[in-house]
Structures are given as C-alpha cells and as structure tokens.
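Just below is one structure, and these are the notes that go with it.
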2 protein chains.
Amino acid sequence: MSTAKGVRARARIEVTAAIKDEARRQLAADGASKLSLRAVARELGMVSSALYRYFPSRDDLLTALIIDAYDSLGEAAEAAHAEAGDVAPARRWVAVCEAVRGWALAHPHEYALIYGSPVPGYTAPETTIPPAARVGVLFIGIVRDAYQRRGVARTPVPAELEPEARRMAADLAPDLPPEAVVALVAAWSQLYGLVGFELFGQFNRVVEDRAAFFRHAAARLADGVGLVFP
Amino acid sequence: MSTAKGVRARARIEVTAAIKDEARRQLAADGASKLSLRAVARELGMVSSALYRYFPSRDDLLTALIIDAYDSLGEAAEAAHAEAGDVAPARRWVAVCEAVRGWALAHPHEYALIYGSPVPGYTAPETTIPPAARVGVLFIGIVRDAYQRRGVARTPVPAELEPEARRMAADLAPDLPPEAVVALVAAWSQLYGLVGFELFGQFNRVVEDRAAFFRHAAARLADGVGLVFP
DNA sequence: CGCAAGCAAGAGCAGCGCTCTCGATTGTGT
DNA sequence: ACACAATCGAGAGCGCTGCTCTTGCTTGCG
C-alpha cells in the first residue's frame, strides 16, 4: 500500500526529510555552527519546540547531516569510479581522488562538517562508521584489483611497523600485502590534506592552478601506493 | 623606565594577556565554538561589556588565539629542527613532521582552530599570514639545504603543470627546481592530512600504533620530496 | 467507540554576543 | 596646577540561541 503504516508515519517521514533539507540549506549557506534549530523551524512554519519531536537535539540533527554527507561523498566517489570504467587502476585512483575534491569544492561546509574539526563537544556515534568508510573501501578495491592483475610495487616498512602493518592488513584487506595496506592508508589520509588545504584557504598565495596541481599530486599518491600508469 | 607609558598602558597589556590566557584555557577545555566572552569575563571577575574594551568582538579574540597558535606550532617545529642539529635533511624533515604531530596532539583544539574547518563566517585577516608560514618556511629551508649539499631527487611534472610549477618556484624558492617545489608543497599539505586524521578520529579502528605509522609516513613524505636517507 | 500515543503550540529559563549609557579614574595640554 | 579629554568598569538591555514543560488537539489501535 502507498499509505501503509498510516498517514501519521508518512507525515513523520516527510517532515523529517523537510527538516533535513532546510537544515542542509542553512548548513551550505552559513556553516555548521550557524545552523539554528529555531531558524529551521521558522523557515518551515513551525514552532521550535515542535522540531524536538523529530530530532532530540541539535547534535542529533547534525549527526543526520553528517551521515548524509558521508553518503553523498561516497556516492560521488563510487559514481566516478564506475564512470571511469575498466581503465588501469592508477587512473581509477586518480578519478576517485578528483571526485572527492570535486565534491568537497561543491559542498565545502558539508566537507568541513565531516573532515574538518569535529563539532566541539561532539563525538560521532557508531552509526556514522559505515558511510564514512565508503571512500576507503573504494580505494581498497582499486588496489586489490591492481594487485590481482599484475601486483603492486611494494615499499618495505621498517621493523618497528611490521606488527602493526600485519594487524592493519588483517583488519582491512587480508588478501593484500601489509606494505601495500600501510601505503594505502597513508595515501588515503594524505588525500584529505590536499583537499583540506585547498578548501580552507591554506593554498591562497601558494597554489594557483589547483586543478592541475591536484591531478599531479593524486597521481603521485597512486604511485606511492604502488599503482603504475601504463 | 619600567613604568614607562604609565600605569594605564601597563594594566592594559596585563589585562589583555589575562584575557587571552583564560580564553586559551577555555579553548583547550571545550573547543572554539564553546569559547564564550561572558565566561571569560566571569572567570576574570569582570563584567562582559568591559571585555569589549580589549577585543572588539569574539572573532577578534579568536584571531589573537589563532596567531598565537601558529606561533606556538612554528616555535615547536623550529625548536625540533634546531635540536636535530646537523643530521641529514631527510632526518630533519621527519623531526619537524613529528614535532608538528606532537604539538597537534598536545593542543588539539588549537590545531583544530588553525587547520580544521575555519570558524564559519570567519575569514582570517592578513595578520595571520606570516606566523602561518613558519612551518612551511622551515620545510623550504630543509629542502634548500639538501639541494645545495648534493641535490634532490626530482620527479618531473606533467606539461600541464609546468607553468604553475615555475610560478610557484619563483614565488616560494627561486633557487630550487620547480619540480622540487611542487613536491614540497604537496608533501606539506599531505602532512596535515596525516595529522588531522589521527587527531579527528579518522584513524580509529584503522591505525593503532600511530607513532610508528606516522614516522614511516613522514619518512616516505621526505622521500617524495627527493630527500634521501643516508 | 474509547483511550493511549503522537503531535503542534506557547510560555519560559538560562545562556550568548553585542550596544549604550553612566560615573570614576587617569593622562595631557595650557 | 587645573581643566578638559581619553579611557575604563559596571550595569541594563536587545535579540538571539538550545532546550524543557505544560496544554490541548488529532490520530490510530484494541
């Protein structure tokens, strides 16, 4: 039935979505810390206290937006990966990196929400973990594919890191060599250094042609992971 | 004279410092967005309006804290560099990276203030540029030193990036090869990806032995810049 | 059909950044 | 040396925030 579960449940879903939409609008306009429950309620023509029936606190609304942001980013990355098709893993790696950058530039405040400083006094709940992992999983898949095709160039890790490297590989990708997993995780985090610096103005007066700079840096990141360009 | 400029000017300096100290305390305790002018004033035994004689707005207080944070980080990095002495540039590079990480772990909220998402609606004034550049300048010096001693390993940049690479080199370090400057800037930003991910919890359930992981990643960063370990 | 659950509305509390006014104190030019 | 100007702390107040509690109306299940 289209009205299964009754009018009330349907209304709840719609109102919840409307709240998130309006909140996302304000987030994109003014940033996370200016997001106001009262303003959202006002814009929706309801009184502020009514909003607490849907989100028990401002932080809960933010959490919902965070999950959506992770999913939106993950979707963009996966779409770019799919669109790249069956090209060499190194090229797919760069395509995903550029998708991450593109999404960040298009949604700066949402990017700041998930990869900038966590909202003070706020710790993300478990629910955010799976969507947050999507881009990482994608990278693992690319490296795995490269490894299965013709192997990856390996850079040995120092002795002090060997146990940790084995533990990481066991947790994240048991079929990949530990050195590759270490390189992968490092490159993964470094990607967000590149994106964050561009987004938060650290490249002002330093890098001008940021698209070209990023493309090159992403390719070198791929290189560092052991992917080769044909 | 020790009382030159009169009692009033002296008092102003002391009160300004007291305000910044208390603000820094609250920043370290609860983060930037919970920093409240009223709470600072309360703690200092003054009324909130009196505080506006010293900082015209909350953002101005934050700006003062940002500059101090950049200087504190720069100082820590420079101290680590000096302490490393005359070892190989690659080792000094890693020492500075570890100093940045150490400072960030010791001052998480101040790190978030300067390298996390910028406080929404707030754009840093020109005054913050020189202190913000200190760590970068340090890295340039290290690479320059390596270059003058025995050269650096160069990775060519693609044709599309060549003009920008030349421009960056002319701006930042005219005596260094453009490829090295590009690699340097990339590594510089990537360092903050590593640090930020550890600090903001992105490494939870991914990397456990973070010190060893970081040391290795920093060494590989140095490698990417063309520095060689003896 | 009746009763419990779900819901919007309104009032209210404590906190915030910021402004303005009012005396008191301090520094300076004549 | 004295008067005038600049500086400062205190207090009241404005409009905003997140959040709570109570009051009725609406919906849906037994």
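Every heavy atom of this structure was used, including side-chain atoms; hydrogens, water molecules and symmetry mates were not. What you are looking at is a predicted structure, and each value in this text was computed from that prediction instead of being measured. Numbered from 1 within each chain, the chains take letters A, B, ... in sequence-line order.
- Interatomic distance, B:F197 CZ to B:N204 CG, rounded to the nearest 0.5 Å: 11.5 Å.
- Between A:F55 atom CZ and C:dC7 atom P there is a gap of 13 Å when expressed in whole angstrom units.
- Distance A:M46 CE to C:dA9 P: 7 Å, rounded to the nearest Å.
- Here the side chain of A:T16 pairs a donor or acceptor atom with the backbone of A:R12 at under 3.5 angstrom.
- For the residue pair B:D60 / B:S57, a side-chain donor-acceptor distance below 3.5 Å is found, with atom types taken as modelled.
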Under a 4.0 Å heavy-atom criterion, the protein footprint on nucleotides 12-20 of chain D, written with B, S and -, is -B---BBBB

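- Regarding B:D30, its CG atom lies at a distance of 11 Å from the P atom of C:dC16, rounded to whole Å.
- A donor-acceptor contact shorter than 3.5 Å links the side chain of A:E164 to the backbone of B:E208.
- At a threshold of 4.0 angstrom between heavy atoms, the contacts of B:Y54 are confined to the sugar-phosphate backbone, with no base atom among them.
- Nucleotide C:dA9 holds its P atom 11 Å from the CG atom of A:L44, rounded to whole Å.
- Here the P atom of nucleotide D:dG9 and the CD1 atom of B:I19 are 8 Å apart, to the nearest Å.
- Between the P atom of C:dG6 and the CD1 atom of A:I13 lies a distance of 15 Å, rounded to the nearest Å.
- For B:R8 and C:dT28, the CZ to C1' distance is 12 Å, given to the nearest whole Å.
- Between the side chain of B:R205 and the backbone N or O of A:D171, no donor-acceptor pair lies under 3.5 Å.
- A donor-acceptor pair is defined here as one N or O able to donate and one able to accept, closer than 3.5 Å; such a pair exists between the side chain of A:R220 and the backbone of B:G224.
- If you measure from atom CZ of B:R53 to atom C1' of D:dC8, you get 5 Å, rounded to the nearest angstrom.
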